[in-house]
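Below: the structure, in structure tokens.
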Amino acid sequence: CTNPEIRPSWRSLTDKQKHTFLDTVNKLKQRPLSTNQVDMATWSYDNFVHVHWDNVAIAHGVPAFLAWHRYFISGFEKALKSIEPSVSLPFWDWTLDSQNPAQADIFLPQYLGGNGKLPNMCVTDGIAANWTINYPTAPTRPGPACLKRCFSFTGLYSPEAVAATLVGSADYNNLRNNIESGGHGAVHLQVGGNNNCGDMGTMYSTNDPLFFLHHAMVDRIWWRWQQTCPSFATLYSEPTAVLQPWGVQAVSMLSTINNGLCYNYGSSPSDLPLNLACPNGPTTPLINNT
């Protein structure tokens, strides 16, 4: 990897760039299902929904959570690029919207749309307003075949909370637990609502395109932690784990610029200085890609 892509923050994109990204996601949704189980660049949007749902147990609540999703969203980005090469997967820095998430720019009608509407909590504006949700089928996914959201915001993780997560995680398992059950889970549950009301609160959360921008943010938190201390870059707790359905070694996902990955992340105003004593020496500067 000689020229890594820089994944930008959603906030840093121009209106034209946001619409190009969303138009490309819409085209991916319209693409027919692929029969290729490995090459994600050929997949349709619904292929990603299927694979996430079919691999719940091996991708959640286990050490492979971060590695599995890193590979998964990189495949989503490759699928987008197969349609529009100029597109990168942006990250939604929800820390900057943490105190009033419902008013976030990303939920505007011209972008991803807002909360669902009664009686069925269908999203009626934004990119997915007219989408047909195909998977999973009833009764597993009840109600009409529309994208559903049930905002129940009480506040997402702030920049200070994410900084505390990074500083307070001394090993990989600690970090993974802190992210998955912390900032990651808060977004899913507060966008999706209670009792499987909205898609984001379920294991078929990939039906909501917000999933991918959210998981880019989750991946970025891991990326920041890996760069904070030299020894963190290679820390992983399950060296023999294999990411299914692709048959990829989880440890091959420790770097974002090797083994088929070729990206770093752009900066964000939420990147607070980290005062962390590294196990084998002082803190190293974070890569700052603007």
Side-chain angles (χ1 to χ4, degrees), residues 10 18-19 21-35 40 43-57 59-60 69 72-73 75-76 79-80 83 89-90 92 94 97 100-154 156 184-218:
W10 171 261
K18 290 174 180 176
H19 280 290
F21 171 76
L22 295 174
D23 288 347
T24 307
V25 173
N26 249 334
K27 290 175 183 175
L28 189 64
K29 174 67 175 173
Q30 295 160 14
R31 181 186 272 183
L33 281 172
S34 171
T35 57
M40 290 185 280
W43 287 8
S44 75
Y45 189 97
D46 283 353
N47 279 109
F48 289 94
V49 180
H50 275 261
V51 166
H52 188 265
W53 173 256
D54 292 345
N55 291 279
V56 166
H60 302 85
H69 284 86
F72 183 66
I73 66 171
F76 183 77
L80 295 177
I83 297 169
L89 177 61
W92 174 36
W94 28 258
D97 297 307
N100 193 4
Q103 298 304 310
D105 163 272
I106 204 165
F107 292 126
L108 287 173
Q110 64 267 38
Y111 299 140
L112 270 76
N115 197 16
K117 302 290 193 294
L118 292 171
N120 297 311
M121 302 313 292
C122 291
V123 175
T124 59
D125 57 5
I127 175 182
N130 297 312
W131 281 14
T132 298
I133 303 302
N134 298 308
Y135 193 77
T137 55
T140 302
R141 184 187 185 277
C146 62
L147 174 65
K148 293 188 281 186
R149 292 190 189 129
C150 302
F151 287 177
S152 58
F153 288 121
T154 57
L156 304 177
H184 159 262
V187 172
H188 278 287
L189 294 175
Q190 293 184 40
V191 173
N194 299 318
N195 302 317
N196 294 342
C197 177
D199 287 276
M200 272 292 280
T202 71
M203 286 298 180
Y204 41 84
S205 50
T206 33
N207 278 313
D208 194 327
L210 184 70
F211 171 96
F212 295 95
L213 293 92
H214 167 45
H215 269 273
M217 177 63 176
V218 171

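Throughout, numbering of the chain's residues begins at 1 and tracks the sequence.
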> Can L80 and F21 be said to form a side chain to side chain contact (heavy atoms under 4.5 Å, CB included), step by step?
Replying inline: CA-CA 8 Å; L80 295 177; F21 171 76; 3.6 Å; yes
> Below 4.5 Å, heavy atoms only, C-beta onward: do F107 and L210 meet side chain to side chain?
Replying inline: yes
> Minimum heavy-atom separation for Q190 to T154, with atom names?
Replying inline: OE1-N, 2.8 Å
>> Could you tell me if D97 and W92 have a donor-acceptor pair between their side chains, going purely by distance under 3.5 Å?
In response: yes
> How close do S34 and N47 get, heavy atom to heavy atom, and via which atoms?
Replying inline: N-OD1, 2.8 Å
> Is there a donor-acceptor contact under 3.5 Å linking the side chains of Y135 and D54?
Replying inline: yes
>> Is there a side-chain contact between F48 and F212 in this structure, where contact means two heavy atoms from C-beta onward sitting under 4.5 Å apart?
In response: yes
> Can you name the nearest heavy-atom pair linking G114 to D125, along with the distance?
Replying inline: N-OD1, 3.0 Å
> Tell me, do H188 and V191 make a side-chain contact under 4.5 Å, heavy atoms counted?
Replying inline: no
> Are P209 and Y45 side-chain neighbours, meaning at least one heavy-atom pair lies under 4.5 Å?
Replying inline: yes
> From L147 CG over to D208 CG, what is the distance, rounded to the nearest 0.5 angstrom?
Replying inline: 4.5 Å
> Do the rings of Y204 and W53 sit parallel, tilted or perpendicular, given the 30° and 60° boundaries?
Replying inline: tilted
>> Using 0.5 Å steps for rounding, measure from the CH2 atom of W10 to the CE atom of M217.
In response: 15.5 Å
>> Determine whether V187 and H184 satisfy the following criterion, side chain to side chain contact (heavy atoms under 4.5 Å, CB included), listing intermediate values before the conclusion.
In response: CA-CA 6 Å; V187 172; H184 159 262; over 6 Å; no
> So, for D46 and N134, which heavy atoms are closest and what is the spacing to 0.1 Å?
Replying inline: OD2-ND2, 2.7 Å
> Are side-chain heavy atoms of K29 and I127 found at a separation under 4.5 Å?
Replying inline: no
> CG of D23: more than 12 outside heavy atoms within 6.0 angstrom?
Replying inline: yes
> Measuring from K18:NZ to L108:CG, what's the distance to the nearest 0.5 Å?
Replying inline: 8.0 Å
> Which heavy-atom pair separates N55 from H60 by the least distance, and what is that distance?
Replying inline: O-ND1, 4.3 Å
> Roughly how far, to the nearest 0.5 Å, is the CG atom of L189 from the CZ atom of F153?
Replying inline: 11.0 Å
> In terms of ring plane angle, is the pair H69 and F72 parallel, tilted or perpendicular, where the classes change at 30° and 60°?
Replying inline: perpendicular
> Taking side chain as C-beta onward, heavy atoms only, is I106 less than 4.5 Å from W94?
Replying inline: no
> Is D199 close to R141 at the side-chain level, that is, under 4.5 Å between some pair of heavy atoms?
Replying inline: yes
> Nearest 0.5 Å, what's the SG-CG distance between C197 and N120?
Replying inline: 9.5 Å
>> For N100, is the CG atom crowded, meaning more than 12 foreign heavy atoms sit under 6.0 Å from it?
In response: yes
> Are any of the side-chain heavy atoms of R149 and L112 separated by less than 4.5 Å?
Replying inline: yes
> Can you check whether I133's main-chain N or O pairs, donor with acceptor, with N207's side chain at less than 3.5 Å?
Replying inline: no
>> I need the minimum non-hydrogen distance between I73 and H215, along with the two atoms involved.
In response: CD1-O, 3.6 Å
>> Nearest 0.5 angstrom please: N196 CG to T140 OG1, how far?
In response: 10.5 Å
